[in-house]
Amino acid sequence: MSFANVLYKSFYWRAIQTASSFLLNILLARLLQSTGSAEFYSLLYWSGLVASFFTFGLDIGLNYFVTRGLLTLAAARRIILGITALALIAGTGVLLALHSWVPHAGLSLGTMLFFVVCQIAGTLLTTLAGTVFTAVGRNHEPAKLAVYGNVGMILLAVADYCFFAGGQALQHLFIL
């Protein structure tokens, strides 16, 4: 595949990903209102911060070693899964320790825990697996999968909001 084709596919899917993410953010802000949106984005950014501590610059190292053929894809997969497991153990511990400091109205500890675990795992897997895709010359694949995920989330959020009212919709949207 030529460089121009790789660049075109990457730009094309990133543009669609950005547009679908923007639409999803508008939809969630509209459905969750200000309180729900603030709680959602607070947990989202906190989880992203925890996940970023566990990448340790690993994305750059994975890209280098996989590109040079010094690390097999199977070994890269084991490293990614190991770092994700470590981050989930530590992130869950931090959440449990800080839960009383960061009250979130309408969300149980179980719902918050489930949301944060999914967010940390998703962030790490997306970042590190995206690095491996880039190393093997298929850097448009993560954006393509993110577009499908965003469209799925949009459909689930609309369906959830149609079938559940108020606090139930908020609980279900955090789980989705």
Side-chain angles (χ1 to χ4, degrees), residues 1-34 36-55 57-64 66-67 73-74 76-81 83-85 87-88 91 107 111-112 114-164 169-176:
M1 187 177 324
S2 71
F3 178 72
N5 195 15
V6 169
L7 191 60
Y8 171 76
K9 279 186 173 183
S10 179
F11 179 75
Y12 175 79
W13 283 105
R14 287 284 178 190
I16 294 173
Q17 178 189 7
T18 301
S20 65
S21 294
F22 181 69
L23 180 62
L24 180 60
N25 282 326
I26 290 173
L27 179 67
L28 288 177
R30 178 76 176 134
L31 295 178
L32 295 176
Q33 302 301 317
S34 60
S37 295
E39 290 179 12
F40 177 77
Y41 288 112
S42 168
L43 285 174
L44 188 74
Y45 293 138
W46 182 87
S47 302
L49 178 64
V50 169
S52 70
F53 286 129
F54 286 94
T55 58
L58 189 59
D59 51 344
I60 296 167
L62 280 174
N63 194 346
Y64 176 81
V66 171
T67 302
L73 292 177
R77 184 175 38 247
R78 285 191 301 273
I79 291 169
I80 291 169
L81 292 175
I83 290 295
T84 302
L88 289 176
L107 293 179
T111 301
M112 283 179 53
F114 179 76
F115 177 80
V116 169
V117 163
C118 289
Q119 181 61 32
I120 290 171
T123 299
L124 283 170
L125 291 173
T126 301
T127 301
L128 298 176
T131 297
V132 173
F133 276 113
T134 299
V136 296
R138 296 178 51 179
N139 55 337
H140 67 283
E141 293 293 332
K144 189 177 183 180
L145 293 173
V147 168
Y148 296 145
N150 283 344
V151 169
M153 285 300 300
I154 289 168
L155 295 174
L156 286 172
V158 169
D160 187 64
Y161 198 74
C162 289
F163 293 112
F164 298 101
L170 180 66
Q171 288 282 339
H172 287 108
L173 283 173
F174 268 93
I175 292 173
L176 292 177

For Ala74, the side-chain contact (heavy atoms from CB on, under 4.5 Å) test, sequence neighbours excluded, returns Thr72, Arg77, Arg78
side-chain contact (heavy atoms from CB on, under 4.5 Å) involving Thr18 - partner list, sequence neighbours excluded
none
Drop me the distance from Thr55's OG1 to Leu62's CG, to the nearest 0.5 angstrom.
10.5 Å
Residues 115-124 side chain polar contacts: donor-acceptor under 3.5 Å, at least two apart:
unit_1	atom_1	unit_2	atom_2	d
Gln119	NE2	Thr123	OG1	3.1
Thr123	OG1	Gln119	O	2.8

Which residues share a ring-ring contact (aromatic ring centres under 6.0 Å, His included) with Phe54, sequence neighbours left out:
Phe56
Short question: side chain of Thr131, backbone of Thr127 - any donor-acceptor pair under 3.5 Å?
yes
CZ/Phe133 to NE2/His140 distance, rounded to the nearest 0.5 angstrom?
9.0 Å
Any residue meeting side-chain contact (heavy atoms from CB on, under 4.5 Å) with Tyr12, in chain and number order, not counting sequence neighbours
Tyr8, Ile16
Without placing hydrogens or testing angles, list every side-chain donor-acceptor pair under 3.5 Å for residues 144-156, not counting sequence neighbours.
unit_1	atom_1	unit_2	atom_2	d
Asn150	ND2	Ser20	OG	2.9
Asn150	ND2	Ser21	OG	2.9

For Thr126, all residues meeting side-chain hydrogen bond (donor to acceptor under 3.5 Å, both in side chains), sequence neighbours excluded:
none
List in chain and number order the residues that pass side-chain contact (heavy atoms from CB on, under 4.5 Å) with Leu125, two or more places apart in sequence or in another chain; answer none if no residue qualifies.
Ile80, Leu81, Thr84
On a heavy-atom basis, the closest approach of Gly130 and Pro142 is CA-CG, 3.6 Å
For the pair Ser10 (side chain) and Leu7 (backbone), establish whether a donor and an acceptor sit closer than 3.5 Å, ignoring hydrogens and angles.
no
